[in-house]
Amino acid sequence: MARALALARRAEGRTHPNPPVGAVVLRGGRILGGGSTRPAGGPHAEAVALAAVRRRFGERALRGATLATTLEPCCHHGRTGPCTQAIIEAGMARVWIGHLDPNPAVRGRGVRLLRRAGIAVEVGICEARCRRQHRGFLSVQQRGRPWLALKLAASLDGRIATRSGESRWITGAAARALVHRLRARHDAVMIGSGTARADDPQLTARPGGRRLRAPVRIVVDSQLATPPGARLLCDGDAARTWLLTRRGHSARRRAARSAHGARLVEAPLRAGRLDLRRALGRLAALGLTSVLVEGGGGLAAALLRQGLADELHWFAAPALLGADARPAIGPLALRRLRERRRLCVQEVRRLGADLYLRAELHPPEAAPGAVKAALKLASIRRAAKPGGEK
Ligand code: AOF
Ligand code: ZN
């Protein structure tokens, strides 16, 4: 399953709205071949893995073999045929699965069909890692919005620019290279219109000058303040730029921004600002499962205030800018310390002279009654499932 996960990771950011699944075929403890989900509309991971083994060892190698797959094999006729059928017809003996597919068209039916065909199926192998691998897809299925990661590059005291707005390259080359890789692993990157105007960025994915698959580029811009001449709206990739805006702008203002292919995506307002929750719902409906938000501080704070941020990639440069410089995160309007946004740190690394920290955000603190109920439920689950993750 670790090998299947490694293959799945390579497909991240390229399969939406499909999850980036990985699969390997084993026989006698030896891995014969594997594969990952191809871009949407293309074959699923299981089909790619089976085809790879067939090519190298012939059809007979699949008989009695084991398949490890990060997600439950599908059993529906979508854009591709059902993976369960391919597995059964190949005569495989065993299937190991990370977790069930919550898609109502599958949801346990894949497992039942395999078992009915006499295949031994185990569900829940490396389940937590597989769920993390499919977090974007699961977020859309369960919450109707993409997984949302915030990337912030700041001085050690959390500042991104001097008071005058001077801000370029606070962090070093290694940090920037990781940012490019992060972009390529998400379906889309997102910025606020203030950042679009101030930095006129291109938001491409070019680690070490090598160009990776370009994510969709989104500007949150309810007022259409991004100038028609911005690079995001005019460069060769303009067709991959989406302006997330309110309804009701004049045809002339809209046309000026979509002249080179940029797309305007409309969402309703809430209290005079773009309703971010509904806007993210629109993005999910358009097939995006993960978004990397790159600032500015106002957009990051709005997402944090509304409990819409799931993960934080924090790059800290060994420098201090002081309280009169601009903060990486705008006002959160907390009244009490217990309202603070709490993080669970997953990873800390040195990147050249900079520090990198990845953390997941806890959901905003619920009412005390709800917390007690959740704790009780968690202890029941722990008692029922000794050992935790398999
Ligand atoms: C698998 N293996 O690698 C993936 C699966 O439109 P389709 O035909 O591509 O089907 C998409 C659905 O298939 C998707 O919503 C999810 O439930 C499942 N994804 N299933 O067996 C894969 N990516
Ligand atoms: Zn499938």
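Keep in mind that this is a model prediction, so the values were computed, not measured. Both counts, for ligands and for their atoms, begin at 1 and track the order of listing. Every heavy atom of this structure was used, including side-chain atoms; hydrogens, water molecules and symmetry mates were not.
Annotation for ligand 1: atoms under 4.0 Å from non-hydrogen atoms of His76 are 10 (O), 12 (C), 13 (O). Near Thr37, meaning under 4.0 Å from one of its heavy atoms, ligand 1 places the atoms 3 (O), 22 (C), 23 (N). If you number the atoms of ligand 1 from 1 as listed, the ones under 4.0 Å from a heavy atom of Val21 come out as 3 (O), 4 (C), 22 (C), 23 (N). Distances below 4.0 Å separate heavy atoms of Pro73 from the following atoms of ligand 1: 21 (O).
Atom CZ of Arg60 has 12 or fewer heavy atoms from other residues, nucleotides or ligands within 6.0 Å. Annotation for Arg115: atom CZ counts as buried by contact number, over 12 foreign heavy atoms lying within 6.0 Å.
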side-chain hydrogen bond (donor to acceptor under 3.5 Å, both in side chains) for Arg143 and Ser139? Distances and angles first, verdict last. CA-CA 5 Å; Arg143 310 184 295 185; Ser139 173; 2.9 Å; yes
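The backbone N or O of Cys126 lies less than 3.5 Å from no partner atom in the side chain of Arg129, so there is not a single donor-acceptor pair.
The single protein non-hydrogen atom nearest to atom 2 (N) of ligand 1 is Glu46 OE1, 2.8 Å, given as residue, atom name and distance. What sits closest to atom 15 (O) of ligand 1 on the protein, heavy atoms only, is Asn103 ND2, 3.2 Å. Asn18 OD1, 3.5 Å is the protein heavy atom nearest to atom 12 (C) of ligand 1. Closest to atom 6 (O) of ligand 1 among all protein heavy atoms lies Arg79 NE, 2.9 Å.
Aromatic ring pairs are classed by plane angle as parallel below 30°, tilted from 30° to 60° and perpendicular above 60°; the pair His44 and His76 is tilted.
The heavy atom nearest to atom 10 (O) of ligand 1, considering only His44, Arg107, His134, is found in His44.
Salt bridge Glu266/Arg254: present, at least one basic N to carboxylate O contact under 4.0 Å. Note on Asp310 versus Arg145: salt bridge recorded, some NZ/NE/NH1/NH2 to OD/OE distance being below 4.0 Å. A salt bridge is defined here as a Lys NZ or Arg NE, NH1 or NH2 lying under 4.0 Å from an Asp or Glu carboxylate O, and Arg231 with Asp237 fails to meet this definition.
Contacts between Asp101 and ligand 1, counted as non-hydrogen atom pairs separated by less than 4.0 Å, involve the side chain only. Both the backbone and the side chain of Pro19 come within 4.0 Å of ligand 1, judged by heavy-atom distances.
Here the angle centred on the Zn ion (ligand 2), running from SG of Cys83 over to SG of Cys74, is 120°, rounded to 10°.
The minimum heavy-atom distance linking His134 with Thr70 is given by the pair NE2-OG1, 3.0 Å.
The Zn ion (ligand 2) sits nearest to atom ND1 when only the N, O or S atoms of His44 are considered.
Considering backbone and side-chain N/O atoms, Gln141 never comes within less than 3.5 Å of an N/O atom of ligand 1. Considering backbone and side-chain atoms alike, Leu71 places every N or O at 3.5 Å or more from each N or O of ligand 1. Ligand 1 has a nitrogen or oxygen under 3.5 angstrom from a nitrogen or oxygen of Ala45.
Here the options are Leu303, Ile329, Leu299, the test is side-chain contact (heavy atoms from CB on, under 4.5 Å), and the partner is Leu150; only Leu303 passes.
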